[in-house]
Each structure stands twice: as structure tokens, then as C-alpha cells.
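Below: one structure, written as C-alpha cells.
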Amino acid sequence: MKHQSIVEALREGIAEEMERDPDVFCIGEDIGVPGGFGGAFTVTLDLEKRFPDRILDTPISELGFIGAAVGAAMMGMRPIADVQYSDFLFLAMDQIANNAAKLRYMSGGTIKVPLVLRAPVGATGRGSQHAQNMERFFIGVPGLKIVAPSNAYDAKGLLKAAVRDDDPVLIFEHKLLYGSKGARAESGTTNASSDVPDEDYVVPLGTASVRREGSDVTVLAWLLMLHESLAAASLVEPGISAEVIDVRSLAPFDWQTIGASIEKTGRVIIVEEGPKTGGVGAELAAGIMERFPDKLIAPVTRVASADIPVPFSPVLENLYRPDRQRIAAAIRDITS
Amino acid sequence: MKHQSIVEALREGIAEEMERDPDVFCIGEDIGVPGGFGGAFTVTLDLEKRFPDRILDTPISELGFIGAAVGAAMMGMRPIADVQYSDFLFLAMDQIANNAAKLRYMSGGTIKVPLVLRAPVGATGRGSQHAQNMERFFIGVPGLKIVAPSNAYDAKGLLKAAVRDDDPVLIFEHKLLYGSKGARAESGTTNASSDVPDEDYVVPLGTASVRREGSDVTVLAWLLMLHESLAAASLVEPGISAEVIDVRSLAPFDWQTIGASIEKTGRVIIVEEGPKTGGVGAELAAGIMERFPDKLIAPVTRVASADIPVPFSPVLENLYRPDRQRIAAAIRDITS
Amino acid sequence: MEIELTDSIEVSQTYSKSFLLGLYERMVTCRQFEDRVKLLFLEGTMPGTIHQSQGQEASAVGVCAALNQDDFITSTHRPHAHAIAKGLTTEEMMLELFGKSAGCSKGKGGSMHIGDMSKGMVPAIAIVGGGMPLAAGMALSFKLRQRSQVVACFFGEGATNEGAFHEAVNLAAIWSLPVIFVCENNLYGASTAYSKTTRVPRLSQRAEAYGIRGETVDGNNVVKVYEATRQAAEECRRGEGPVLLELLTYRRVGHSRRDPAHYQDKDEQAFWFGRDPIDLLANGLVSSGDVSEAELRDIDARVAQTIEDAVTVAREAPLPTEADLTTDVFAMELNR
Amino acid sequence: MEIELTDSIEVSQTYSKSFLLGLYERMVTCRQFEDRVKLLFLEGTMPGTIHQSQGQEASAVGVCAALNQDDFITSTHRPHAHAIAKGLTTEEMMLELFGKSAGCSKGKGGSMHIGDMSKGMVPAIAIVGGGMPLAAGMALSFKLRQRSQVVACFFGEGATNEGAFHEAVNLAAIWSLPVIFVCENNLYGASTAYSKTTRVPRLSQRAEAYGIRGETVDGNNVVKVYEATRQAAEECRRGEGPVLLELLTYRRVGHSRRDPAHYQDKDEQAFWFGRDPIDLLANGLVSSGDVSEAELRDIDARVAQTIEDAVTVAREAPLPTEADLTTDVFAMELNR
Ligand SMILES: Cc1ncc(C[n+]2csc(CCOP(=O)(O)OP(=O)(O)O)c2C)c(N)n1
Ligand SMILES: Cc1ncc(C[n+]2csc(CCOP(=O)(O)OP(=O)(O)O)c2C)c(N)n1
Ligand SMILES: [Mg+2]
Ligand SMILES: [Mg+2]
């Protein structure tokens, strides 16, 4: 057992999978340059020393290298593709949505695409084009599995599950949760480190996790917002007992865990970083209403960002990003 | 007054706007080649004869020409960009979402991007990559306006409103509603032609339209599904009185018209072509629950496609695409 | 770079009669298959849309003749000839085109996504240029696993203006990947003449921008195509890839469906229609004295019978059912 | 293509002293601005991230000196020098970097999106290559409106492997658009050496793939840069564009923030650090005898004062407020 940041846990998880299976390789920009960064947030730092032939630095060409990862996966390799900021996925969406997600269906089930794609999300003082929460653009693409770890244990366990899964898995990671160090450290971070076992383990894809038990209201969140939601739950104590669920799997959702909680509480708040309109929270809200109408004693509400591009100025960025106060207010609202 | 197909009305609308304003031009693949197609569905057929310098045929390069349209719009031109199938928008999403939608905000409100982007959607026997309903991928991008006309009158009126609007407007059109003729005619089409006035008119962006009055249930739909929903409403007559609303504006939604209907009926069914998960319907459902919780007497339900890539075989494609029978069943369900 | 486009093929003694007759038979199979499909389509029996390649058979057949069974090809929206050349049976293809369960992709792919991994053909990618990054990635897997396989990546000259071309060729170049980039330059991308889409007279010149070898070949001379591909494949297997081959050819039919191709220049048509790739080889064979007209007619008849049999099988085969709709989306289902 | 990289600039009589001192002053402004920003960033006062261009001032200043006031530039994640060279004041920039309302984009853009349309600078596009299609479109608008303006489109050598480069240059080429594609080849894209990302020794060679003129210039010699740009601009205005200029230069600082640039080769650093663009011009001016050291020091001091003033103003200026959060998204609001 050791205590690790998400970055350390991911790095170790990648290394262990590469040791275990010679078909696993990493591909991306600036991921393995000696003297370089190990990816934009140091996840693959120094891995090129251990795996000189399997850490592939690419030119700046997201459509190309992500498409190449799909092609290699199709042939049985298990690529872990790294995009520096998830915003750049727009450039590669054709390869992800039209190829990776569809090749199995289009081939009548003869092709597997065991691709892992890692992409950092979140607003971090970089302005509109390096800040988006891109989860929303992929949950509506059948054929993809999507996870979003909020602590080191999950990050490693989900990564391993993703690498061993035969389908394309997108892992959205949060810049402020990584715990990157040195020249690539972020400011304003949230501690997401956790104990990580020494033994091999996976966190199954498709599962949510109850992070805090409660009886009055269910708060659904993932990544940074999970941490803010937990803080908000403390803020409303002892008057209100909030159950906080780490949604963690965005495709598919774990309706069983979510449903069990709603059964208890009857109230749901969904917390999302990113504009409210057209977010992941919309599908959660609609899906809950369809699946558990009789359990709801209040309409599902969403706490999310304004419908604007991400602003640069920190004062505006902080207003854009939901925080514990706004979540706490929503909890008080729905339970009052 | 004349009776026109959507294709005819769009063509006339484009021509009238080009006459009116020398800054309007068309850009896209195969839109103005003599002896060619006038775009994949003949919308711009023969316009190059009237406007030889303003119908620009491009190489096959969606990222490039749509980005160029954004650049020209930024300088005050009013481009109408045409993508042959909306599925190809994945290739240009960076220019649309990262540039067109954000340039105004990023510039502190000094830039206008009066871009119009026309994109045909819908499953039509072409397999997974020429069939998607791409609306879902854009409603979560702040800065875009989105419309989807279901008849010729609206097509022309919304097009004109879009051209005259100072913001980027995406127009999603349906292949089976166009009424394309000749070598590019579709099979299995639905008649969406309508009377179109001789005088200039616009259909304001941001407005929905009640197509059929009713008191028991509100059916929300757009494009082809609007027509299926109207047919479904007839099927359930006289027992059930269904109000059918053409959502028509997907960003922003016309909550006023939608809310007024829900006030009357208390029940909502959203009908969408495209996988249920992560669709436009999710935002409609979530938004309705948030805005009109007290008016709802039943949970909002969605009739949509299965969560699969679009299948080729017509028998499967027909199962994929919601139809009047499934909609009628949902209407009976919610009112029973 | 002047390319000699001769009116006849000199059949040299280098090749066995059976090898040459094999080329002839495969080209005739392509032609008859396409002609039959066109008829089926026009009579309304065949669903969907079709893109045919009558006139381009020498490139498909010449290229694939130079590949091994375990080499792969990627293909495009115009894939029938590629598929036949790579060894798919006309029966599995015809079944697929009819949308039947026994089709090479269970009827889920259709004409634009024809493929069969067991024969070394990835489902065709109908997004122009979309198969190119896949091909680079497949070749990367061969390199990482130290296999001696190659990928022949087919695309039209229109695809060379897509970013995917640029990124894929550059990636393949920097890693010396075993990809033969096969550009079938049929002078038109849909209705748009090649000369309108780039200033470069010969597309093989673009190879220089990536530091790789490029070559332009008479694409209607099946022997020349075979020889150029064999050389390219050898280079690739030696680690001296990739290679860009431009094959000059012409489509004798419309771009799709009922397109009368009025945009094709009349003189150009006359020139190219006089250089039919099947006639060129047939004439060469007959003038060499080794092959009689009667032998060729026998082959024609045998092929016709095979195709008629395929049509009969395909017409009568069962359609997929509702149970097939949602299978083949994932290799590992997560039921939540 | 051997490029002469000299250790000194011969200042010819062609240029007036005031013109040359103007170039010097703008380069010094860039340098001092960047150095000051770095300090502010390291002391923690300045939010966000920064990409600086110390060492590359000659390309920004040389290019913009050859443009007219109403010509435009597009820029990248590394835009400060471009902005200063195009005429933005250090005050409006410093305000923006501090996220203040009076910044050139009201604090909504930030460092990576610096711009001011009234000075002819589009907000910088931080998606690598993302500004290139915009530039083509802006130039298209000039052509359609028969204006004689040009666009200088800045990008790094790393951007030349993006599909956006390929598509934008090709579009500009086929339409002979007035774009000067200015590739600042500083030998690295983030940590990745140019030589790892393409096989082509000189990027200007890629011009041939589009049938346009390409030229490689010593990017640290501001006079050479000016002359090459002036010629390119003249060609563009004559309808003989576009032109691809490759400016060889070097970054004296890390890629961003605290990056120590350990991936830069030591000998290479020594070579390039010995060819500082400001020193080159200063030495040339002084050895020409027309300019004294003291005159240069006066300029340095004046610039330092201006920048200190900008810092003071920026520190004290008011921040945006909640009321600013959702403005500037649309030019025409649709309130529904
Ligand atoms: C990305 C994309 N853009 C546009 C299309 C529509 N389209 C299908 S085929 C075609 C022409 C392709 O030309 P070329 O690459 O020369 O191949 P050819 O059809 O001549 O074989 C076009 C524009 C598409 N399928 N994908
Ligand atoms: C599409 C995209 N991919 C990756 C990045 C991350 N990134 C920012 S700058 C940079 C390097 C750019 O190199 P180059 O084009 O040579 O410009 P330079 O930084 O040297 O000025 C990278 C990879 C990005 N901003 N956009
Ligand atoms: Mg072609
Ligand atoms: Mg660089």
C-alpha cells in the first residue's frame, strides 16, 4: 500500500500494463521526450527509459495519431493515446466517433478496438480553448465506454480495466486533480491522492461509487465536482444528510447504484463542470426521470456552468465553475 | 404564393439573399459545378450561373473550408457553408466549436461571426457514416444558434433569418424531407413541401411552432420526426388529443411555447431520430423538469433510436428510426 | 513528370499465362459485379446508394495481386473492386449489399463499408481520407510486432486535400511504416475536377513534402500497376516505406447512383473510354498469341454465372431481425 | 537549400535610421514585455499560463513592419510579440494578462487569445494550426471584396504537421489568396524536436506540394525578415499569393511557464543564443556608425518605463464582475 497522486497512480498503472502485455503502447505528443514533460501533466514522465520502443512521440496531428491508434488497436495492439488537452479532441472526433466507435458494428462484430484514450479536462486559467469539459461530446456516441476518475485508486484501477477491455474506452482526467509536480504543477489544485494497493487490481468499468452516505438527497458528480460536492455535503451538515455518488462511469451509467440511492433519498442534484445546456447532466436527469419516476419526490436539478465559452479572467472562471457554495445552496433548496 | 419543396425554397432563399447582399456567398463541395449536383441534395443547383463568383466549390477539406468560412464571416462576409452530410462535421468541429462559437467571447465582444452552416442529417440507407443526426453534438456549445426546419416555408424563412443574423447559425436539414429531384432524388421520402409567399419574410430564430393543437399530451419533435409525430397524433385520434410542437429551434429552445403547451397538457413526449442516450431530447427533458416541474403530471419520456451506430440493412434501419407506431404507442402509454 | 499512357499492354514472358488470366478474371469479376449491381439498383431491388468503379479495375486488381494473403487493404466509399481484388467472394458482398444477415458484415455495414478482416480487408471507410490514419496505425502494429506485412491504403485523388491524408502520410513517413498509399486519380472527386482542387500537376509530387518516394503509373495498365505495387511492397517490407503511388485512371460511370457525369469532359471521356483496362489486357493477351478470344469468353461466362448465383443466393437469404439490432456494438458488454 | 545564418546584420543605406530604430524599439518592447511577464508569473501575481517568445522577436517585428495598418495577422498560443509588432499597446495587453475588464478582450481572452481587431490582429488561436483556415477565409474576403489587404498567418513549425495547415494552404493556393503563411521554425514544438516530426529538411519545401512559392529566411535577421515579407506581400497584393515563408529562429526560454527546456541541445543553444536578434540589429546599427550605444540605451529605458507603467495600470485596474460573465456570447441575443 502506498499513498499516491493521480499522476503517480496512472504512471504506475501504465507501466504495469506495459510490463504485463507487450501489445500495450503509448502514443501522443511530448509524452516521452528526454528532458521533456511526460505529457502535458507528467503522467508518462520517464516511461521512455523503461520502454524505449513503446512510448511514441508524435508530431502535432491529433487526427492522424489518434486514427493510427485506432488502426493499431484494430490489429490487436492496445494503444494508450494521450491528448494534451481534451479540447483538441474536436480535431480527432471523426476518427473516434466515425471509426473507433463504429468499426465493430460496421464489421458485423468481427473487429475489436481495444483503444484507450486519455484526455485532461477542466478550466485552469488558460482561456476558452484549453478548458472545456469534453465529456458531453462523447456520451451520445454509441460504441464508446467513458470513465472519469476522481482519485488515484480509481485512476489506476479504471486505467487497467480500460487497457484490458476490448472496446474503445475514453478516460477523462481533471487537470486540478492530477497532482502534477515540478515545472508542470498546476495552481489551485484539489488533493485527489489516495492509498493504492501494491497488488494488481482493476476498478470495473460501468460502476459508480457511493462516496458519502446520506438520506435526504443524492448528489451526482464526477472529477473535480465530486470533491466540491463532498465539501458541500459537509457544509450542509448536520441539518441535511446528503449522499454523494461518484458517477465515475459516464458511458454506461451505473443505474443500479444511482437508482438505489434515489430510492433512499427521492431527491437528486447533478453537479457538472461545463455549460449546463447539453451536458452529461442532461442525460442523467432525463434517464433518472424515465427510470425512477415514482421514487422522485422533487424534480431533478442541475448545478452547472453558465452557457458561455470558458472565460480567462480568474474571477470569471471561478464564477463559471460550480463550487461548494453553489452546490450547498442547491442542496438546501431541494431539501427545503 | 407558390408550392415548393424544401430544396426549392432553400434555393430560392439563398438566391434572394445573394441578390440582396453582395456579402453573401456559398462555399462547399460540389455545390456549383456545371453538369454537377448543386450539393449532395441539389439545393444550390444552377446557382453558379446566376452568381458565378459567389458559389465556391472547394476541395474535399471540411476543416479548411469551414474554417475559411469562419474567417470570412469574421471580416463581415456572410458565408453559407454546405457540408454534404452532417457526419462530416466531426472533421470541422474544431473550427466550429473552438473558433466560430468562441471568437466573440474571446475577443470581448468585438468580433461577429455571421456564418451559416447547412448540414443534412438522417438515416437513408447509406450505413453508419452517412446517417447520423448530428444535432446533439452542437447544442452543448455556447455561442451557436441551431435550427432544423421541417417544411419549405420554415426552411426559407429560417435560412433568411440565419443569413441576416450576426452569430453563427447551424441549419440541420433532413435528407428525406428535401424533395430533391432527378439523379439525386431519395427514396422513402416524406413530403415537406408547403406554400411559400412571394414576398420576403423570415421565420425568427429561437421560436418553436405548434403544428397541431391538443390537450392531453405535448409531443416535441423536429425534422422527420415531426412528420411521424403528426401521423402518430392522427393514429391515436379520437381517443387522445395530442398537441404536436415543431421544436424547430434547438439552440436556444423556445421555452415559452413549450411551457405554454405543457401548462395545458401536463404530459410530454420527446421524439428524436438518433440514439436516445446523449441526444437533444435529454436536454429538453431535463430543461422541462427544471422549468415546469409543477405542471407535469407524468414523467417526461423519450422516443428515440437505439444506442447503436446506424445500421445499413433497411430492415434494421427502420427499427433504428422511430416511427409513427412507436410514437403512438408512447402517446397511449403516457395518457393511460 | 510525363507518364506514358499507352493504348495497349505488351504482355511479356515474365508472367505466366495463368497469372495473367487471373488478373483478367478478377478485373472481369469487378466489372460484371458492378454492372449487375447497377442494374439491381436501377430496378429498385437493391437498397441504399452505390459508388461504382467501372474503368478502375486495373488499379484494384493490380495492387492486390502484388500483396500477400496476410497483407491488408483499406478502402473507400467506392470499395467493390478493392474487395473482389483482395479476395472477398461476390456472394458475401452481394449478401451485404442486399442487407442480409449472411453478408460479410451481417448487413450492418452495406456497400460503403464492405470488408472482411479474414481476407485482409478492413471495412471500407466512407469518410473521404478517413481510412488513411487507420492504415498508418495498422502498419505501426506490424512494425511494433516485427511482422513483414504491409498495408495498401486506397484513396481517391480528392482525398489528398484532406488533413487526414497529410497527417497519415507524415506519420507513416517519420516512422518508415510499411504502407503503400495508393491514390486512384480518376480526375474527379464527385463532380469536381482534380485541376480545380490543387495546383500540383502530379499528385505523386506531394510525396516530396514528406520525404518519401512517390511514383505516377498508368492505372489502367494492370501489369504496370502490379509491378509498381510489388516494388513498393518490397521497399515497405525492407523498412523503406511508405511509398505514394498515384494511379492514373478514369471512372466510366457516374459518381454514385444515377449520376450521368455530365461534368466529365467529352474529349477526356473519349480518350479514357478508349483505354479500358480490361480491353487493354485482353488485347495484349490475344495479340501475344498465348490466349485465344474463346478462352477469355469462357472466363467471362464463368464469372457471369458466379455472379448470377450470388444474386440468387442474396435475394433469397434471410434478413436480419430485431434481435440483431443491438448486437455487435461492444465486444465486452457492460450491462448496467 | 542552404540558408546563410550570419553573425551580424549589415545595415544598408536603403533604410532610414528611424525605420531601423523603430524595428529595434519594437523588438526591445517584445523582449522586455516578455521578461516582465515572466517575472510577474513567477512571483505568482499573474494568472494562467504563458508561452513566451524571447529570441523570436525578429520574426514578429520584421513581418509586421512589412504590413499595412489595415492588413491582418493571425497568431498562436505564443502571441505576445506578434501583438506588439502589430501595434497593440503593452497596456491593453498587460491588462488582458491580468484578467482585467479594460484588457484588449475585457479579460475574457487572456494570454493565449490576445488580439485587437482594430489593430489588425485576430484573437490568437491556441489550437495549433487552428488560425490557418481562418487566415485563408479572411484573405478570401479580401479577394471577394477586391481589397488589397493581406493576411500574415503566424504558426510554428510544429503546426505544419496538422491537417489544418494542409487544408488551409491548399485552399489559399487554388484561389491565389493574399496570405503570407509565416512559419516560425524555432526547431521545437513544445519539447519535440523538429527533426523527429518530419523527414523534410526545410519546411519551405512543402510549398511545392501546393504549387506555391516557399522561401526560408534567417528569422533572427529582422531586416531579411522584413524584406522577405515585403516581397511576399507585394506578390499577394498582385494576386500571386499565397507565399510560404519559413523563418529560422530559436526560443531562448522554455515552451511555457517554468519549463527549463532541458530537451534543447546544448550546442544548438550556444549557436542560437549567440545570434540574438536584438543584439544582431544593435551591433549592426552601432557598427554602421549611424547609431550610438547611448541612443539604444535610451530606447531601452523608455521602453522599460512604458512597460512599468503598463504593469502599474494593469495591477490597479478593476476586475470584471459577475455582470460580465454572460455578456459577449452573442451579437444578437435571442431571449427565450
Ligand atoms: C469527409 C468527406 N467529405 C465528403 C464526402 C462526400 N464524398 C463522397 S465521395 C466524394 C468524392 C471523393 O473523391 P475521390 O477521393 O477522388 O474518390 P473517388 O470518388 O473519385 O473514387 C465526396 C466528396 C465524404 N464521403 N467524406
Ligand atoms: C491542436 C493542438 N495540439 C496540441 C497543442 C498543445 N501545444 C501547444 S503549443 C505546442 C507546440 C507548438 O509547436 P510549434 O507549432 O512549433 O509552435 P511553437 O510553440 O514552437 O511556437 C503544443 C503541442 C495545442 N495547443 N493544440
Ligand atoms: Mg477521384
Ligand atoms: Mg516550434
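Order of the sequence lines fixes the chain letters, A, B, ..., with proteins taken first and strands second; residue numbering starts at 1 for each chain. Keep in mind the model is a prediction, meaning the values are calculated, not measured.
Contact of B:P314 with chain C is made through the side chain alone, with heavy-atom distances under 4.5 Å. For C:L97, the part lying under 4.5 angstrom from a heavy atom of chain B is the backbone only. Proximity to chain B (any heavy atom under 4.5 Å) is restricted, for C:H255, to the side chain, taken from C-beta onward. Interface remark: C:T321 contributes backbone atoms only to the contact with chain B (heavy atom separation under 4.5 Å).
Note that NE2 of C:H77 is 13.0 Å distant from CZ of B:R126, once rounded to the nearest 0.5 Å. A distance of 13.0 Å separates OG of B:S61 from NE2 of C:H166, quoted to the nearest 0.5 Å. Separating the OG atom in C:S105 from the CZ atom in B:F312 is a distance of 10.5 Å, to the nearest 0.5 Å. Rounded to the nearest 0.5 Å, atoms CG (C:L325) and CD1 (B:I308) are 3.5 Å apart. The line from CZ of C:R258 to CZ of B:R184 is 9.5 Å long, rounded to the nearest 0.5 Å. Expressed to the nearest 0.5 Å, how far CD of C:E162 lies from CG of B:L91 amounts to 5.5 Å.
Among the candidates C:S191, C:A190, C:A164, the residue making the largest number of heavy-atom pairs closer than 4.5 Å to chain B is C:S191. Highest contact tally toward chain C, considering only B:P309, B:G125, B:A306, B:S187, is held by B:G125 [criterion: heavy-atom pairs under 4.5 Å]. Looking only at heavy-atom pairs under 4.5 Å with chain B, the residue among C:G48, C:P47, C:P320, C:G158 that has the most is C:P320. Contacts with chain B were tallied for C:I125, C:D324, C:T198, C:I50; C:I125 has the most, counting heavy-atom pairs under 4.5 Å. Among the candidates B:G182, B:G36, B:A185, the residue making the largest number of heavy-atom pairs closer than 4.5 Å to chain C is B:A185.
Annotation: side chain of C:R257 is in contact with side chain of B:E186 (closest heavy-atom distance under 4.5 Å). Looking at heavy atoms from C-beta onward, C:M112 lies out of side-chain contact with B:Q129 at the 4.5 angstrom threshold.
Within 6.0 Å of NZ in B:K181 there are 12 or fewer heavy atoms belonging to other residues, nucleotides or ligands. Counting heavy-atom neighbours within 6.0 Å of C:E322 CD, excluding the residue itself, gives a total of 12 or less.
At least one donor-acceptor pair under 3.5 Å links the side chain of B:D30 to the backbone N or O of C:T192.
Residue B:I60 forms a side-chain contact (heavy atoms from CB on, under 4.5 Å) with just one option from C:T197, C:V128, C:N161, and that option is C:V128.
By the 4.0 Å N-to-carboxylate-O rule, B:E317 lies too far from C:K108 to be salt-bridged with it.
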